[in-house]
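Reading through the structure tokens given below for one structure.
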Amino acid sequence: MQEARIGSAVIQLVQGDITQQDTEAIVNAANRSLRGGGGVDGAIHRAGGPQILEECKKLGGCETGDAKTTSGGRLKAKYVIHAVGPIYRGGHHGEAELLASAYRRALEEAAAHHVTSIAFPSISTGAYGYPIEEASRIALKTLMDNIPRFPGIKLVRFVLFTRSDLEVYQAQLEKIVTGQQEKNQRGNKSSV
Ligand code: AR6
């Protein structure tokens, strides 16, 4: 499944490079220092230029599970929302809640900046080691549950770097949507 509708918004899955997206905001998988790094963080700072780091330096870091916003520098996106996911340490250190929080806070930042379209990478599933099956379930579920809080957000796009990551997200989206349809059908039957 490539996309799903949630009220007046669309959640979309594509393979690509997040630095090339033309959404109004892109999300960075940052670390608590907000001083740049490897992976998608490095790619965003390289493509967006030094202005993003200059703005980051004024933000005083960012807690795990939180998100902070800078301009997009030379990127097409007007804003970069720097979200800090958890380092995976076996799954019993509050990682799921922290990952959900990072996605929720990024959406809240987007809404606070009146953004109508936003692109996310797969937070924590690279250097931070979060198993992608579980991380994709949390990412999609959290966004689908929270998008209705922000009617101004019309497009939420996941940009997966590899074909296999895209396939994991596609299968997970299918599972969530099918699960919801079955739940709705059961609800309809019991109310007849
Ligand atoms: N576009 C989209 N996705 C990408 C791109 C790109 N240009 N480049 C990599 N990915 P990671 P994390 C994917 O490691 O796990 C950094 O050093 C990548 O394949 O970037 O949250 C930070 O400074 C993977 O699926 O982020 C932190 O210290 C996903 O993005 C730390 O890594 C996330 O991988 C954060 O680790």
Side-chain angles (χ1 to χ4, degrees), residues 2 11-50 52-57 59-70 72-77 79-91 93-107 109-110 117-140 142-143 155-173:
Q2 314 275 9
I11 189 160
Q12 204 175 64
L13 309 177
V14 303
Q15 185 185 351
D17 178 350
I18 201 159
T19 65
Q20 302 305 311
Q21 301 302 308
D22 57 5
T23 46
E24 285 172 14
I26 65 169
V27 175
N28 182 16
N31 59 57
R32 287 164 55 205
S33 77
L34 297 187
R35 297 296 171 103
V40 70
D41 198 3
I44 288 173
H45 281 281
R46 272 196 303 280
I52 298 177
L53 186 59
E54 285 312 308
E55 290 180 42
C56 277
K57 285 179 182 168
L59 294 175
C62 183
E63 289 302 319
T64 303
D66 198 2
K68 294 188 179 178
T69 305
T70 65
R74 293 196 300 253
L75 296 169
K76 289 182 209 159
Y79 299 108
V80 176
I81 300 172
H82 305 265
V84 182
I87 298 172
Y88 190 78
R89 294 190 292 142
H93 295 83
E95 293 95 328
E97 182 41 46
L98 288 168
L99 186 62
S101 173
Y103 280 101
R104 236 179 356 252
R105 283 288 305 122
L107 264 195
E109 282 292 302
S117 58
I118 179 169
F120 282 88
S122 179
I123 298 171
S124 282
T125 63
Y128 280 1
Y130 213 120
I132 192 162
E133 275 79 13
E134 177 61 4
S136 62
R137 189 184 65 76
I138 294 167
L140 289 167
T142 302
L143 291 180
L155 172 65
V156 174
R157 178 183 292 158
F158 266 98
V159 182
L160 289 323
F161 209 39
T162 65
R163 180 86 215 160
S164 69
D165 286 357
L166 174 67
E167 285 170 1
V168 172
Y169 270 74
Q170 286 174 335
Q172 202 60 254
L173 183 62

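In listed order, ligands and their atoms are each counted from 1.
- If you look at ligand 1, the protein residues with a non-hydrogen atom under 4.0 Å away are G16, D17, I18, A29, N31, G36, G37, G38, G39, V40, D41, A43, S122, I123, S124, T125, G126, A127, Y128, V159, F161, D165.
- With sequence neighbours left out, D41 forms a salt bridge (Lys or Arg N to Asp or Glu O under 4.0 Å) with no residue at all.
- The salt bridge (Lys or Arg N to Asp or Glu O under 4.0 Å) check on E63 picks up nothing, with sequence neighbours excluded.
- Between Y128 and Y88, the ring centre distance reaches or exceeds 6.0 Å.
- Salt bridge status for E167 with R163: present, with a side-chain N to carboxylate O gap under 4.0 Å.
- For S117 (side chain) and E24 (main-chain N/O), a donor-acceptor pair under 3.5 Å exists by modelled atom type.
- With sequence neighbours excluded, the residues that form a salt bridge (Lys or Arg N to Asp or Glu O under 4.0 Å) with E109 are R105.
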